Amino acid sequence: MTLVPRPILTDGATHPAQQFRNLVSDLARDNEGVTRGTDLKVTQLSTPGSSVQVSSGTGLVRGRYTAYQGTYAVMNVGSTNVAIAPTGGSSRSDMLIIRVEDKEYEGNIDPTTGEVNYFQIISNVSSSATAIPDGRTGIPLARIDIPASTSTITNAMIKDIRQVANPRRDRQLLTFSPAGTSTSISNSNGTFAYFSTAPGWNIAIPAWATVVRVRVDIAQIKYSVAAFIGQLRATFGASLTLQPVILDDNQTAIRRAVAVVADTLTIPDAYRGSTQLLRPQATGTTGNTGTVAVDGSSTLIADIEFFEGPR
């Protein structure tokens, strides 16, 4: 029978495990990996030794034995230590994975008494490997690049190769129109200043975010007095700064142009779950004789998108 005759969940019916695994696969959009960016992270022991530790967390492992094997939901509660064999006279790379061995498809582990999923070391993989090198059912967590004659594993040897199965994303599109003309920025010494009538945006950063892509548009920026040469950038909180772009206008009198600055930034731990100010600023550089400002005819646009990844 090719069509499973009792769809999940039909009252009074029984359903094979495979059907539930395929439900997990459907709900996970057929993706696999850890659930959150902090799940199943591999680190050195508190006192480095011949093992590593895997943190608490959950994940999704797609079965690879048959096309409709489905996806397994795995979980580690508490920290688990995994032994790493020492190296001899040459270096070696090992891969630490979480493995699923379901005897319905392979192996002979009795799920009533044995460990169907477990941490496994694949020894002597490529020093650039980020995926399991064969067809076994599992997800990679870390590659451990061990120097020759080494038995103590430190964080410097551990390469995080986890993937988040269904990473979260959050995008915000914000606008602002100044009520009046800002104080003109007219220096030539490379010292950045904020536009006085553009206070910026207070951005709430999700607790799960690891990376943010930011774009700030000024439509339009106002040049005046003389030719302007300088830069535009934006600050995000006290420690993050978007890469500056050049402002270069060799005209005179009043004229306008669209200016854009954008960057991809890594979110510091201290920023997660906090609110930080995003605000554009400009400066004149050597040789500048003009001024730049925003006014009531300008619109400022902030496009911010947060992404979740391993951390």
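Being a predicted model, the structure only gives us computed values, none of them experimental. We use all heavy atoms of the structure for the numbers below, so side chains are in, but hydrogens, waters and symmetry mates are not.
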**Message:** Check the orientation of F306 and F236. Use parallel for under 30°, tilted for 30 to 60°, and perpendicular for over 60°.
**Reply:** tilted

**Message:** Less than 4.5 Å apart, side chain to side chain, heavy atoms only: is that true for I153 and I144?
**Reply:** yes

**Salt bridge E308-R169, side-chain N to carboxylate O under 4.0 Å** = no

**Asked** Is the shortest heavy-atom distance from the side chain of Y68 to the side chain of N22 under 4.5 Å?
**Response** yes

**Request:** Check the pair T175 / L300 against side-chain contact (heavy atoms from CB on, under 4.5 Å), numbers first and verdict last.
**Result:** CA-CA 6 Å; T175 63; L300 286 78; over 6 Å; no

**Fill in**
Minimal heavy-atom distance between Y105 and Y65, with the atoms involved, is O-CZ, 3.0 Å

**Message:** Assess whether a salt bridge exists between R64 and E106, defined as any Lys/Arg side-chain N lying under 4.0 Å from an Asp/Glu carboxylate O.
**Reply:** no

**Item:** R213 charged N/C atom sitting above F307 aromatic ring, 6.0 Å / 45°
**Value:** yes

**Request:** Go through the steps to decide whether D303 and R171 satisfy the test salt bridge (charged side-chain N to carboxylate O under 4.0 Å, His left out), and finish with yes or no.
**Result:** CA-CA 7 Å; D303 191 346; R171 185 180 180 190; 2.5 Å; yes

**Prompt:** Once you round to the nearest 0.5 Å, how far does CD1 of I98 lie from OG1 of T58?
**Reply:** 9.5 Å

**Electrostatic pair R255-D249, nearest N-O below 4.0 angstrom** = yes

**Salt bridge D170-R168, side-chain N to carboxylate O under 4.0 Å** = no

**Message:** Any salt bridge linking R21 with E104? Criterion: basic side-chain nitrogen under 4.0 Å from a carboxylate oxygen.
**Reply:** yes

**Message:** Are the side chains of T210 and I267 in contact, using a 4.5 Å heavy-atom criterion?
**Reply:** no

**Request:** Using the side chain to side chain contact (heavy atoms under 4.5 Å, CB included) rule, pick out the option among R62, R99, E32 that qualifies with T137.
**Result:** R99

**Request:** May I ask you to test the I146-D94 pair for a side-chain heavy-atom distance under 4.5 Å?
**Result:** yes

**Asked** Looking at side-chain heavy atoms only, is the closest gap between I109 and Y118 below 4.5 Å?
**Response** yes

**Asked** Would you say the side chains of Q281 and T283 form a donor-acceptor pair under 3.5 Å?
**Response** no

**Request:** Taking the six-membered ring of F192 (Phe, Tyr or Trp), confirm whether the NZ or CZ of R233 is under 6.0 Å from its centre and within 45° of its axis.
**Result:** yes

**Asked** Is the shortest distance from a Lys or Arg side-chain nitrogen in D160 or R143 to a carboxylate oxygen in the other one below 4.0 Å?
**Response** no

